[in-house]
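Below: the structure, in structure tokens.
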Amino acid sequence: MTLPMQQLGEKMYTKGVREVIFVHGTAVGNDPLDIFNEPNFFHPLDPAIEESVNALLGGILNDNLIDTIKGKIKEYINNTLSDFGNYSPNYVTKFGKALGNGICEHNTPFVWGGGNS
């Protein structure tokens, strides 16, 4: 007996579908409050002062810090909301397994800030 999701996966595959892109809703991205879109949020200092502060802090005032914070925000949202208005990696994996035919096999995350600015 073929389950409905498997039937859907077979139809999608015969029509040439090989990947599904999941786009989460507003406020469940990695920057739901748009704080990282503010150009001076992390770099409000005079460049000379910023260089001194950055040296004291071991070089953390850079894009790696912002990427790390955004990753932690998205991880928290995934763990808290699960699949409520959100497509966690776990949800996408389960969806792909239900469809079969290798659809969603790559599971490439698509994350946008989610703040609507």
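We count residues from 1, following the sequence as given. Bear in mind the structure is a predicted one, so any value in this text is a computation, not a measurement.
- In plain terms, the two heavy atoms of G96 and C104 that are nearest each other are CA-CB, 3.7 Å.
- A distance of 12.0 Å separates CG of N78 from CD1 of I73, quoted to the nearest 0.5 Å.
- Few gaps surround CZ on F22; more than 12 heavy atoms of other groups in view lie less than 6.0 Å from it.
- Atom OH of Y76 is separated from atom CG of L81 by 8.0 Å, given to the nearest 0.5 angstrom.
- Atoms OG and CD, on S88 and E75 in that order, are 12.0 Å from each other to the nearest 0.5 Å.
- Separation of atoms CD1 (I69) and CG (D31) is listed at 10.0 Å; rounding is to 0.5 Å.
- Residue T14 comes nearest to K11 through the heavy atom pair OG1-O, 2.9 Å, listed as atom of the first residue, atom of the second, then distance.
- Expressed to the nearest 0.5 Å, how far NZ of K74 lies from CG of N79 amounts to 10.5 Å.
- Ring geometry for F95 versus Y91: interplanar angle under 30°, hence parallel rather than tilted (30 to 60°).
- R18 contributes no side-chain N or O that, together with a main-chain N or O of I103, makes up a donor-acceptor pair within less than 3.5 Å.
- Here the shortest heavy-atom pairing between M12 and V20 reads CE-CG2, 3.7 Å.
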